[in-house]
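Throughout, a chain's letter reflects where its sequence line sits, starting with A, and its residues are numbered from 1.
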Amino acid sequence: MGKRFPEYKNLDLAQVNKDILKVWDANDTFRRSVREMNGRGEYVFYEGPPSANGIPGIHHVLSRTIKDAVCRYKTQAGYEVKRKAGWDTHGLPVELGVEKALGITKEDIGTKISIDDYNKACRIDVMKYTDMWEELTRKMGYWINMEHPYVTYDNRYIETLWWLLKQLYAGGYLYQGYTIQPYSPAAGTGLSSHELNLPGCYRDVRDTTCIAQFRLIRDGHSEFLFRDTDTEDVYMMAWTTTPWTLPSNTALAVGPEIVYVKVRSFNPYTYDPVTVIVAKDLLGSIFPGDAVRELSAYNPGDRKIPYKVLDEFMGSRLAGINYEQLIDWVKPDPGAFRVITGDFVTTDDGTGIVHIAPTFGADDHRAGKENGIPPLLVRRKDGTTGPLVDKRGYMVPITDLDIDFVRERVNTRTYTGFEGRPVKNEYDPLLSPDADTLDVDIAVMLKQQGKVFRIEKQVHSYPHCWRTDKPVLYYPMDAWFIRTTAFREKMIELNNTINWKPVSTGTGRFGKWLENLVDWNLSRSRYWGTPLPIWVSGDRTEEKCIGSAAELKEEIEKSVKAGFMTANPLKDFIEGDNSSENYGKFDLHRPFVDEIILVSPTGSKMFREPDLIDVWFDSGAMPYAQAHYPFENKENFSDMFPADFIAEGVDQTRGWFFTLHAIASMISGSVAFRNIISNGLVLDKNGNKMSKRLGNAVDPFTAIEEYGSDPLRWYMLTNAQPWDNLKFDIEGVDEVRRKFFGTLYNTYSFFALYANIDKFRYTEKEIPVGERPEIDRWIISLLNSLVREVGKCFDDYDLTRAGRAIQDFVTENLSNWYVRLNRKRFWGGDYDKDKLAAYQTLYRCLETVSRLAAPIAPFYTDRLFTDLNGTTGHHQEDSVHLTSFPVPDHDLIDEELEEKMEIAQKISSMILGLRRKVNIKVRQPLARIMIPVSDEEFRKKFEAVRDLILAEVNVKNVEYIDDTSSVLIKKAKPDFRLLGPRYGRLMKQIGNIVSGLTQEEITSFENTGALVFEIDGQKVELTTDDVEIISEDIPGWQVANDGRLTVALDVTVTDELRYEGIAREFVNRIQNIRKESGFDVTDKITVLIEDMDVIGAAVRRHSSYIGSQTLATRVDVVRDFTNGDVRDVEINDIQVRISVSRNC
RNA sequence: AGUCCCGUAGCUCAGUUGGUUAGAGCGCUACACUGAUAAUGUAGAGGUCCGCGGUUCAACUCCGCGCGGGACUACCA
């Protein structure tokens, strides 16, 4: 136990950071905090795994500060908070990084470099920045267990993933289907969405577009459209920029809320009369020009075609209408050629009716599926089915098709001439760029058949493959899906039980996402990731999903017996041995799993589906996989699931937040997390996104090196709510350093300085709070209010408010008010009860603050705590992080006292303002202030803080002016909140009347207690409760107002007051000289002052006062100085000579 | 394009259930303090509460339509 409170020359938070880290290491503080604070059971936290193949940025400091602060708080609150670190190791960014480093492309994998070598490179590459991450974690004070992190490429982790997938598979929730994906026929590969977002991918191209006419079938559904028409047929018109998809059309979509019209006009190519249906809003663009001309005035070939609106109806009425196939090349399955409704339909362009080809558009695919519309598929010779366009981008040649299929479904007469042609000329290197496109030929064909209303070239933006520069095709690709839609209701229901911060992310972004949930496409055609554990027979009739290493081993055994495999790569694996050695005997990654051939129940070979699974499944499964569940931790799993708390950036809403939620919902029927904070982005100080390219990224290491982690953490949490974007400005960090930490440090230094002088060690008996001076009781009351407030904020996951409340307490109330007003109690004087009370009070404030702020600023608070506690030994714990979180003592909260002090602070501030206005410095005493008191209550409150105010503003006396005194000028203000509901629209006039009352009227109102008048014949009766009467002015005085408070200051400076002011000036100068001369605080001195008019008189009168304040044994006025140490000072514009010497 | 967040002083942010003088810090200007001192305090100036409509006696606050910034999801006739 130290004998003194440590004192420092200055505050170097960066150094504190380093020192405390060493202490934590030496004392094993983190681990002990997890073990020792387990009074209230477990509090479960999940760490979202970062990918260690990127370097950490300042934004990671934000989310990790949130996580750390909450976990530290919960630890102090008595929970056991285990935190397991994790690494996300699979995925595209890793692969792309490796491709770049090795200078290869995806096509080279398996040719120029073996999959084995490639994956080895990935495995090494993904961990290349782990050192940096660990260093940041350590330096920023993020307490998380990095010794045993979960790693997603670990075989044990993968085994749990396989187990999870098998659960889904067994429930029928894992199935193979197809999805529309961007595909480059020229490169022969699918493209990921991020590849489409590469700069330059979307390019303006000039394509043939057309508005096609779909002939409606007259039946019960459509009968209403055929009434009152003079044409035999009625058409719906749909616009497309890709006419080559029209042969694959199987539906038309309309907007249910969109208004459509039936129009009678003429086909501009055949000149035949037509009746068509289009969206009302688009009439003008489809039929430009003459709306009113008589139909009969039309001459074939006229440029302006007349039209006439015959009818109008909502899109929803069109649903279910059948139409005739537009191009009859191939017959789809039954159920096609129907009008459906879709929310995605707009009237921005086209006709307000969308042509749907489920094989070539994502929206189309989805809309088709939802409405039971079959896609247009063809059966090929090999028995497989596919769209009418093959993977090369060509219309499937008849020779490639199954013969039976051709006979039953294909109209060879019409298809001939189109089959075997590329849908984009770019795909055929032999075609000249100006050769007619398939689009044009289809449009021309439709024109001849009278089935097209307009053909035109149009420029639009279309994605291109970044490798081949050729247009991308949206193409159906085989993929494995999780039927998340089957769990939609459950997931929505569970989501409603989650405490989201902010709420809007949960209900809005996340909630809406759940409502519009689609099945989860798990498939990725890559190399470095978790392989899909599904083996399929050659004819695809038999499937097997593997759910564990042991099961795989067993299945391979069968395969070896069947002669399909020569050896079992898992032969040394021992089931039930969960050591890393045992799991290191094989590798579940590609290419090894691909080499495993299994045997089906009927004895045929089964090959693994080559897909990997979405890495988001890896991270979303971490609640299970980090525990290697159910192979380990099966019994105690309920202790680690679900999480009480997680936190990541909002960008994870559809990423980690969703996959966690989805997997937990599907596997356990539970939420994965109960509370969540989703934070916003960290932008640069100008609000721009940080990026290395722009050079505006802030390096967290530099920031910590310069300022220490505490100001950084504090700034990030208190500057803005974490879900708002943070405009990061390093100046703000510096401000926090000065403002909060500087003030806290100064307060401690002040305490330590005097406590050491007085040898205060807090060994004396605690003075009961009730016996301490009012101002002590005030700050203790405020401290307990703060404890209550901060605890509430932390419990509510509102770290911002917690930090702001602490900061406000320290800078405004503790330092700027309590310490400032009480300085004299600490220095001079005896070591008596009052002084002891001051020490005990200030000590308690500092110590409590250290514990309150510890979750946010773990370093400095630990220094502060150990400096205090190291001397007093009050707590057993050797670190603030091992102490419990303070609990408020409600008995010590005195709201009335807090209110009184607020009055004191406000009045003082007002008086200081008045002094400033008339230019009288605070050191000059003034005689009195005047306070109007409206009621006894207020007078009592004021009386309690009277002396504080007088001392603070250096005024000698108070005079109360009571209500009846006529010196006051009063003002009446209506209470709108009270009167509003009562008088409604008369309020404005009542307001005018009340605030226009004269002094006499107010007085009489106050006397009678009632005011009655009439507005517009309506009687208005007011009592004094309905208005607020404020004493606003006192003629002839300096007066200040703030809300209901009014104060007047007597600014007359009498000679007596002037003398006193001068004496104070001397005290001030002498103190300066003492300090400059390097005297010790306790040295006694002799003071000689030159005798000059007022000055001499002032000094003579107050020499004992000056002496007592400056420890001068003698204060004299002299004519001449004998000793040499004489200097000039200026007192109230007068030059005076003064000598200050130390007594020997 | 859809969904969500944000928009209040030059900058960063508060602003309770709508109630009549919209607040704080930084910065700026001035002054003060000088035994907490490479600190600090006080005051002043500074506002179209993004715009336009609406509801209401009353809108920074509630509703609608826009504008600007950002995120995510799409990219579609």
Side-chain angles (χ1 to χ4, degrees), chain A residues 10 182 193 196 202 209 238-242 245 253 343-346 348-357 361-364 461-463 474 502 504-505 507-513 516 649-655 680-681 683 685 687-689 718-721 723-727 729 731-732 735 738-739 742-743 745-751 753-754 800-801 804 807-808 811-812 815-816 819-820 823 826-828 909 912-913 915-917 919 921-923 973-981 983-991 995 1041-1043 1068 1071-1072 1074-1075 1081 1110:
Chain A
N10 54 30
S193 59
L196 279 191
Y202 278 85
T209 71
W239 179 62
T240 179
T241 54
T242 52
T245 60
D343 292 333
F344 57 88
V345 179
T346 68
D348 295 343
D349 49 21
T351 63
I353 299 171
V354 178
H355 133 67
I356 299 289
D363 271 343
D364 306 42
S461 118
Y462 196 84
Y474 286 88
S504 58
T505 302
T507 55
R509 192 183 289 197
F510 196 69
K512 292 270 160 54
W513 168 256
N516 299 314
V650 270
D651 51 337
Q652 294 296 332
T653 306
R654 279 143 169 139
L681 293 188
L683 308 169
K685 64 175 175 181
N688 300 311
K689 219 172 160 174
T718 59
N719 186 62
Q721 287 287 1
W723 45 86
D724 288 340
N725 289 343
L726 174 67
K727 288 184 190 164
D729 187 354
E731 301 281 329
E735 189 182 321
R738 280 186 285 122
K739 201 83 208 152
T743 306
Y745 160 79
N746 270 332
T747 308
Y748 167 78
S749 304
F750 174 85
F751 167 81
L753 175 65
Y754 294 107
T800 306
R801 284 178 97 107
R804 283 175 176 168
Q807 178 163 332
D808 194 55
T811 58
E812 294 308 313
S815 167
N816 188 30
V819 172
R820 200 159 51 82
R823 274 181 295 188
F826 291 89
W827 75 61
S909 162
L912 292 171
R915 276 183 171 276
R916 159 89 197 106
K917 210 187 269 174
N919 245 324
K921 50 175 69 172
V922 181
R923 225 179 263 135
K973 212 176 77 180
D975 185 337
F976 286 89
R977 202 185 285 244
L978 217 61
L979 295 173
Y983 290 105
R985 92 174 75 79
L986 299 178
M987 271 321 289
K988 201 159 259 172
Q989 293 169 75
I990 294 174
S995 46
N1041 285 299
D1042 181 14
N1068 165 264
Q1071 299 287 30
N1072 281 349
R1074 282 186 65 114
K1075 200 178 160 209
V1081 184
T1110 60

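If you find the closest nucleotide of RNA chain B to A:T241 and to A:D729, the one lying nearer the 5' end belongs to A:D729. Along RNA chain B, the nucleotide closest to A:T743 and the one closest to A:T242 are compared, and the more 5′ of them pairs with A:T743.
Residue A:R801 places at least one side-chain N or O under 4.0 Å from the OP1 or OP2 atom of B:G15. Close to B:A36, at under 4.0 Å from its OP1 or OP2, lies a side-chain N or O of A:R823. Taking 4.0 angstrom as the limit, A:N10 places none of its side-chain polar atoms (N or O) nearer than this to OP1 or OP2 of B:U37.
For A:E735, whose side chain is taken as the heavy atoms from C-beta onward, the closest listed nucleotide among B:U73, B:C26, B:C76 is B:C26. The A:Y474 side chain lies nearest to B:C75 when the options are B:A36, B:G15, B:C75. Here the nucleotide nearest the side chain of A:Q721, chosen from B:A14, B:A36, B:G19, is B:A14. With B:A36, B:A14, B:U42 as the candidates, the nucleotide lying closest to the side chain of A:S815 is B:A36. In the set B:G19, B:C26, B:U12, the nucleotide with an atom closest to the side chain of A:F976 is B:G19. The side chain of A:W513 lies closest to B:U73 when the candidates are B:U73, B:G25, B:U37.
Look at the P atom in both B:U48 and B:U55: the space between them is 26 Å, to the nearest Å. Comparing B:A45 with B:C5, their C1' atoms sit 34 Å apart, to the nearest whole Å. If you take atom C1' in B:C72 and the same atom in B:G54, they sit 32 Å apart, rounded to whole Å. B:G47 and B:C62 have their P atoms separated by 25 Å, given to the nearest Å. Comparing the C1' positions of B:G25 and B:C67 gives an interatomic distance of 30 Å, to the nearest angstrom. Rounded to whole Å, the C1' atom of B:C28 lies 24 Å from the corresponding atom of B:G7. To the nearest whole angstrom, the two C1' atoms, one in B:C52 and one in B:G70, are 24 Å apart. Using P as the reference atom, B:U8 and B:C60 are 15 Å apart when rounded to the nearest Å.
When heavy atoms are screened at a 4.0 angstrom cut-off, A:T245 is found touching no nucleic acid atom at all. Contact annotation for A:T209: no contact, since no heavy-atom pair falls under 4.0 Å across all strands. Using a 4.0 Å heavy-atom distance criterion, A:N719 is classed as a sugar-phosphate-only contact. Here A:T653 lies out of heavy-atom contact (under 4.0 Å) with every strand.
A 3.5 Å limit on both hydrogen-bonding distances identifies no Watson-Crick or G-U partner for B:U48. Across all strands shown, B:A32 is found opposite B:U40 as a Watson-Crick or G-U wobble partner, with both distances under 3.5 Å. Searching all strands for a Watson-Crick or G-U wobble partner of B:A1 with both distances below 3.5 Å returns B:U73. Across all strands shown, B:A24 pairs with B:U12; the Watson-Crick or G-U wobble distances both stay below 3.5 Å. Both distances falling under 3.5 Å, in either a Watson-Crick or a G-U wobble arrangement, occur for no nucleotide opposite B:U61.
In this structure, CG of A:L979 is placed 11 Å from C1' of B:C57, rounded to the nearest angstrom. Taking atom CD of A:E812 as the reference point, atom C1' of B:G23 lies 13 Å away to the nearest angstrom. Counting to the nearest Å, the P atom of B:C33 and the CZ atom of A:R915 are 11 Å from each other. Distance, A:D364 CG to B:C76 P: 9 Å, rounded to whole Å. Taking atom CG of residue A:D975 and atom C1' of nucleotide B:U21, one finds them 16 Å apart after rounding to whole Å. Distance A:K739 NZ to B:G27 C1': 13 Å, rounded to the nearest Å. Between the CZ atom of A:R738 and the C1' atom of B:U40 there is a distance of 12 Å, given to the nearest Å. In this structure, the OH atom of A:Y754 is 4 Å from the P atom of B:A36, given to the nearest Å.
A tilted orientation is assigned to the rings of A:Y754 and A:F826, their planes being inclined by 30° to 60°.
To the nearest 0.5 Å, the span separating CG on A:N719 from CD on A:E735 amounts to 8.5 Å. For the atom pair A:T747 OG1 and A:R820 CZ, the distance stands at 12.0 Å (nearest 0.5 Å). Rounded to the nearest 0.5 angstrom, A:R801 CZ and A:Q721 CD are separated by 7.5 Å.
Donor-acceptor pairing under 3.5 Å, judged by distance alone, is present between the side chain of A:R977 and the base of B:U17.
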Would you please test A:W513 and A:T653 for side-chain contact (heavy atoms from CB on, under 4.5 Å) and show each step? CA-CA 9 Å; A:W513 168 256; A:T653 306; 5.9 Å; no

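Annotation: ring pair (Phe, Tyr, Trp, His ring centres under 6.0 Å) contacts of A:F976 (sequence neighbours excluded): none.
By the neighbour-count criterion of 12 heavy atoms within 6.0 Å, atom CZ of A:R804 is densely surrounded, having more than that number from other residues, nucleotides or ligands.
Scanning all heavy atoms of the two residues, the minimum distance from A:D364 to A:I356 falls at OD2-CA, 3.4 Å.
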